[in-house]
Every structure is written in structure tokens, then in C-alpha cells.
Amino acid sequence: MGRILGLDLGTNSIGWAIIDANMDDTEKVQEYHSIIDSGVRIFPEGIDPDTIGTGEREKSRNAERREHRQSRRLFYRKRMRKIKLLEALIQYKMCPLTMNELKQWKYWDRDKKNAGRKFPDSPEFTEWLKLNPYNLRKRALEE
């Protein structure tokens, strides 16, 4: 005598059954005698109840959380690209910042929260930010 567990995995449910089975080792033939127990577990849909049946506008329950996480990652990556560019420009003396001023913005103290993160605000740097890149390109070609 042996028992077999059968599972049917769906997107919003799991069906299961336990079957009592006889197995003859010489013939490798299975004869099923009885179903011991069976059932289904249905999970709630992962869709916001207010948007059910709206077609493509259906929104998952996790959609808002995912959108916020994506925007945080987008802002972080954009900030890292700016920092890497400024580091390269400082290295080649093309930016009036110092590495210490940039480090205040790059590395911040968690205890101070946003007060610990300070964007460089020296007068030379703010004037440098106001330069028109198209005029600089023109000057680079001519000079």
C-alpha cells in the first residue's frame, strides 16, 4: 500500500488530492483504490478590487509600491551619474569643485538625514553651472 499526493498549481489556486494506491513490483502496474482526501485552496487575486474588469487599466496591489521603488532607483542612479561625471571633470581640472566639496554630497551621514547631504554651493561652482554648453562647444572648436 502506498499513497500518492497530486498537486494542480494554478495562478490563483492550488488543487490537491491524496490517493491510496496498490503497486505490484513485478508488473509495475498501479491500481488506484480510493481517494483519501482532496481539496482546493483559492488565493485572492493580486489585483486592486477597484480596477477589476477595466481591461488593460487593471492595477496590481503592488503597483504603487513598485512605482515608488522605481522612481527611487531612478533618482539614485541619476545622482550617481552626476557624481561620476563631476569626479572625472575634477580630475582633469575642468570643474571648479574640490573632491572634499563633492564628498559632502556623495557621502552623507544617516543620523543627520538630509541635512548631512549638501550639494556644492560655492560661488565659482554656481557660475560654472550657468555656462552654456553650446557656447563651450563652439569655443572648443575655435580655440
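For reference, positions follow the sequence shown, starting with 1.
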Heavy-atom closest pair (I83 atom, L102 atom, distance to 0.1 Å) is O-CD2, 4.0 Å

Closest non-hydrogen atoms of L97 and P120, given as atom of the first, atom of the second and distance, are CD2-CB, 3.4 Å

Sorted by chain and residue number, the side-chain contact (heavy atoms from CB on, under 4.5 Å) partners of I36 (sequence neighbours excluded) come out as R3, I18, D20

In short, side chain to side chain donor-acceptor pair (under 3.5 Å) pairs touching residues 67-94 with sequence neighbours left out are E87-K106

Item to complete: Let me see the working for F125 and L86 under side chain to side chain contact (heavy atoms under 4.5 Å, CB included), right down to the final yes or no.
Response: CA-CA 11 Å; F125 183 63; L86 286 173; 4.1 Å; yes

What one should report as the nearest heavy-atom pair of W16 and V40 is NE1-N, 4.0 Å

For K118, the salt bridge (charged side-chain N to carboxylate O under 4.0 Å, His left out) test, sequence neighbours excluded, returns D121

Contacts of E127 meeting salt bridge (charged side-chain N to carboxylate O under 4.0 Å, His left out) (sequence neighbours excluded), chain-then-number -> K130

So does M94 get a backbone contact from the side chain of W128, meaning a donor-acceptor N/O pair under 3.5 Å? yes

For L141, the hydrophobic cluster (side chain heavy atoms closer than 4.5 Å, chained through members) also holds none

In short, E101 meets S122 closest at the heavy-atom pair OE2-CB, 3.7 Å

What verdict does the side chain to side chain contact (heavy atoms under 4.5 Å, CB included) test give for N135 and L131, after you've listed the backbone C-alpha separation in whole Å, the side-chain angles of each residue and the deciding distance to 0.1 Å? CA-CA 8 Å; N135 291 340; L131 293 175; over 6 Å; no

One should read off an interatomic distance between E64 CD and R66 CZ, to the nearest 0.5 angstrom, of 11.0 Å

By salt bridge (charged side-chain N to carboxylate O under 4.0 Å, His left out), D8 pairs with (sequence neighbours left out) none

In this structure, are over 12 heavy atoms from other groups packed under 6.0 Å from F43 atom CZ? yes

